[in-house]
Visitor: 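One structure coming up, written as structure tokens, with questions to follow.
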Amino acid sequence: MAYRDEKLEEEKVFKDPVHRYVHVRDRVIWDLIGSREFQRLRRVKQLGTTYLTFHGAEHSRFNHSLGVYEIVRRILENFRDREHWNEEERLLCLCAALLHDLGHGPFSHSFEKVFKLDHEDFTQEILLGDTEVNRILTHVEEGFPKKVADVINKTYSDKLVVSLISSQIDADRMDYLQRDAYFTGVSYGHFDMERILRVMRPMEDQVVIKESGMHAVEDYIMSRYQMYWQVYFHPVTRSAEVILSKILHRAKELYQNHYEFKLKPVHFLSFFEGSPTLKEYLALDENVVMYYFQTWMDEDDPILSDLCERFVNRRLFKYIEFNPNLQMNEWRELYELFREADLNPRYYLEVDSSSDLPYDFYRPGEEGERLPIHLLQPNKELKELSRLSDIVESISGKKRTDHKLYFPADELRRMPEDSEVKQRILGILYGKEEQ
Ligand code: CA
């Protein structure tokens, strides 16, 4: 029997807190899960620094990837024998679902910004390079790794296949919303996925939803909206993210200035130099990062050791609402005052902004163009979701942005009460609120 059609003698199941069970029958999927590149995802948390805000959020990208696979597996079971669906694409969809996050590194958000990397490039490299995953996929068929890479990269010719993994209602989002809600313990993020799966229909180039499932989709859109503001953009998580970025910047700067680290940061060197190879990239997971942070707490550089101590022991920065576009003068003044107070503003002062667009209708050619969700009406016509749903219409295309200023309130408190600099800093930070 061809490797692509091989089934395990007995179905394997993973117990899963969100989907109850994840079912594996294909030999290829089982082998991919066992590969070293996929196992690495156990050592990368799905939500990065969020565990410092919601202590339950320790789940990994491994959990999430299995979840996305399971959702796609269930969708395809419903699609079997339906018009427009080509059963030949089944294994391709399952592999793309399982492997879509393969290139995520430790604390992706900060790492990618500081070291100018892109996890999507690494996903492609793992799929196409010299890896166990590549060998398994090539065994299916010469050219199969490229097909999986194209689906994940959204360039695959069959857009229906692509839309299962990436669209405004795809298996990726449906898994992370529920999983992140479960592990953070918040009451948002729940919606009736079973119902949505039952009313999904394959069309030529996209997955559509039967109109009767509209309310389940509304619930899904709203839960995404709430999860963004309650969990993903939580200011405490962003504070941890700010400190994490500062640590990486500091370590890189020290390295460039030929600082003698007590423990040579071998795993970081290629990152500091700007172009880690795939092997170097994969060797740096979150366990390794945390090892360095704990070691750097004992470094002689006071900034590096303080920032690491803050991250490890959760002594985070405090924050206030602050819009740098409107408060340019305050920003300049604070920057100067921090310098006078001997708090290096490059490391102890930061403005961070988050924004989200909960759902968007189709705006061809615009930045971040997104394919809208289409509802299938009983007369077989398609209608864009926000034209039928008042709830979705009310948040469609509306971008919300939130700006905050982060600073070490504990350091300010420690300054003598009669310090003029301290009074002026506090005046700018809290002045308006006290009036
Ligand atoms: Ca994902």
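Both counts, for ligands and for their atoms, begin at 1 and track the order of listing. Because the structure is predicted, anything quoted here is derived from the model rather than measured.
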Visitor: How close do Ala57 and Leu47 get, counting heavy atoms only, and between which atoms?
Guide: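 Result for this residue pair: CB-CD1, 4.2 Å.
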
Visitor: Quick one: angle His100 NE2 - the Ca ion (ligand 1) - His64 NE2, to the nearest 10°?
Guide: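 Output for this angle: 90°, rounded to tens.
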
Visitor: Angle class for the Phe233/Tyr228 ring planes (parallel below 30°, perpendicular above 60°, tilted otherwise)?
Guide: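 Correct class here is perpendicular.
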
Visitor: Which word best sums up how the rings of Phe272 and Phe268 line up, parallel for under 30°, tilted for 30 to 60°, or perpendicular for over 60°?
Guide: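 Phe272 vs Phe268 ring planes: parallel.
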
Visitor: Parallel, tilted or perpendicular: which describes the rings of Phe14 and Trp30, with under 30° parallel and over 60° perpendicular?
Guide: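 Correct class here is tilted.
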
Visitor: Have a look at Asp172 and say which of its N, O or S atoms is nearest the Ca ion (ligand 1).
Guide: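 Looking only at N, O and S atoms of Asp172, the one nearest the Ca ion (ligand 1) is named OD1.
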
Visitor: Taking just the N, O or S atoms of Asp101, which one is nearest to the Ca ion (ligand 1)?
Guide: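 Within Asp101, restricted to N, O or S, the Ca ion (ligand 1) is closest to atom OD2.
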
